[in-house]
2 protein chains.
Amino acid sequence: MTTTGLDGFALLDETWRTVTPDAARRMLIAAVQAFAGKGYHATTTRDIASLAGMSPAAVYIHYRSKEELLFNISLVGHETSLALLSSIEGEGATQRLKNAVAAFAGWHAEFHTTARVVQYELGALSPEHHAQVAELRRQIEQRMRSFIEDGVQAGVFDVPDVKGATLAVLSLCIDVARWYHPDGKRTPDEIGALYADLVLRMVRPNQLTDF
Amino acid sequence: MTTTGLDGFALLDETWRTVTPDAARRMLIAAVQAFAGKGYHATTTRDIASLAGMSPAAVYIHYRSKEELLFNISLVGHETSLALLSSIEGEGATQRLKNAVAAFAGWHAEFHTTARVVQYELGALSPEHHAQVAELRRQIEQRMRSFIEDGVQAGVFDVPDVKGATLAVLSLCIDVARWYHPDGKRTPDEIGALYADLVLRMVRPNQLTDF
DNA sequence: CTCCATACTAAGCGGTTGCTTAGAGCTAAG
DNA sequence: CTTAGCTCTAAGCAACCGCTTAGTATGGAG
């Protein structure tokens, strides 16, 4: 079969539009779909090529190996979600944390296909590529922690264990990629709003003790 | 190499001690370790056999296929965590939810090897086996939801979206299996306590509105 | 002792894997 | 028209996959 499997390409194109030439981008998008659906190891280079509507050998015109395809996806995915957290604005620590959680959780729902590869195929990267991605993950963790720390500093959050809370908030958002399904009852925006509310409840002070 | 890879067998044996004969259990434990470390598809039957200190053909004395090995792990793993949630006791809804989250999150840390296979290799099961496991997952979701519903009914929790909160709590606990590492700073018990505290904060009423 | 069931291994089968090679088709500069 | 360069394909290679087969070692029953 030589289907191009174009369903859902519109959304994926948004993330990968900077990749050229055209055939290299189609190959990347096909790889994202295949890796997300069956996992990296269960996906063959023939799967990717036929999803992109090309012959098996065409993969190697644009990419050195199957792993390099994965690395490209992982790198761009991590850079995108780091950029997302870096662009958060809002009046006050509460509003900023709310926006950050809504955006980060929402991204993992809306781009769950990419997010699944980003979050669950790290182990398939080569040691060098893995190290490069790990540095980006450290920066993402730092961004999220600073949103919480700001609120603690300002006295509007009550968080006994900031590192632990950061871990939990990131974990909560990331796991959206595992369970989210586009046919489910909740839209990505609704999930973002639900999670932002739950996180704000986690960090709010117990108001009786304010006396 | 014919190493038996016995490190960590003590803990795993606790989960799999009912499996007989001895060789079948060693094979299962080897499969858990291999699947958790590299993923189901990246693991070969030769990997499993050599981890168990046997020849490749020995796998098929005790199991029909590689997938049957995975199904056994997945089934016992799900039954174990369902039994865990079914055995929760405590005075009042708050104490019970606290104990449930601590136990469920703690289990995903302590038995992260098994939990990783249970939570991340569902897609490799055959349709029939997947359906069987999905029913257990529905029961697990129901148990956790009832802990939250009890508190809402009793008026000690304030939860606008019970299904959404249940989803988030389960998701939070399950994701522990992804990031937990035994060399990390937190013990499974500490993670259980941290998560129980965070979840209770999520469901506690805003006490100013109690007037 | 013989007999038989069980547990295991050595060898290997057919099929699939990631990747390579040789060359065809197309475009555009000279 | 010629030529060079890029993109892509048909065919296939060596290695490896899940699983099978044929046969050996062991131990208990009669």
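First the proteins, then the strands, lettered A, B, ... as listed; each starts at 1.
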Practice prompt. Take the protein atom CG of A:Asp47 and the nucleotide atom C1' of C:dG18, then report the distance between them rounded to whole Å.
Written response: 12 Å

Practice prompt. Choose from C:dG18, D:dG18, C:dC8 the nucleotide whose nearest atom is closest to any side-chain atom of A:Thr44.
Written response: C:dG18

Worksheet item: Which nucleotide sits closest to the side chain of B:Thr45: D:dC19, C:dG18, D:dT7?
Response: D:dC19

Fill in: Euclidean distance, atom CD1 of residue B:Ile61 to atom P of D:dG23 [Å, nearest integer]
16 Å

Practice prompt. Please state how far atom NZ in A:Lys66 lies from atom P in C:dC19, giving the value in whole angstrom units.
Written response: 8 Å

Item to complete: Specify the separation, in whole Å, of atom OH of A:Tyr60 and atom P of C:dT17.
Response: 11 Å

Discussion item. If I take atom NE2 in residue A:His41 and atom P in nucleotide D:dC16, what distance separates them, rounded to the nearest angstrom?
Written reply: 15 Å

Discussion item. Rounded to whole Å, please give me the gap between CD1 in A:Ile48 and P in C:dT16.
Written reply: 18 Å

Fill in: Residue A:Ala57, side-chain atoms from C-beta onward, closest of D:dA10, D:dT21, C:dC19
D:dA10

Discussion item. Under a 3.5 Å threshold, yes or no: a donor from one side chain and an acceptor from the other, between B:Glu128 and B:Gln132?
Written reply: no

Worksheet item: Do A:Gln119 and A:His112 touch side chain to side chain, with heavy atoms closer than 4.5 Å?
Response: no

Fill in: Any A:Ser55 side-chain N or O less than 4.0 Å from OP1/OP2 of D:dC8
no

Worksheet item: Does a sphere of radius 6.0 Å around NZ in B:Lys163 hold more than 12 heavy atoms from other residues, nucleotides or ligands, not counting ones at 6.0 Å or beyond?
Response: no

Worksheet item: Please give, in whole Å, the distance from C:dC19 P to A:Met27 CE?
Response: 13 Å

Worksheet item: What is the distance, rounded to the nearest whole Å, between atom CZ of B:Arg46 and atom C1' of C:dC13?
Response: 11 Å

Worksheet entry | Distance test, side-chain N/O of A:His62 to OP1/OP2 of D:dC8, below 4.0 Å | yes

Item to complete: Taking the side chain as every heavy atom from C-beta outward, state whether A:Leu70 and A:Leu125 have any pair of such atoms under 4.5 Å apart.
Response: yes

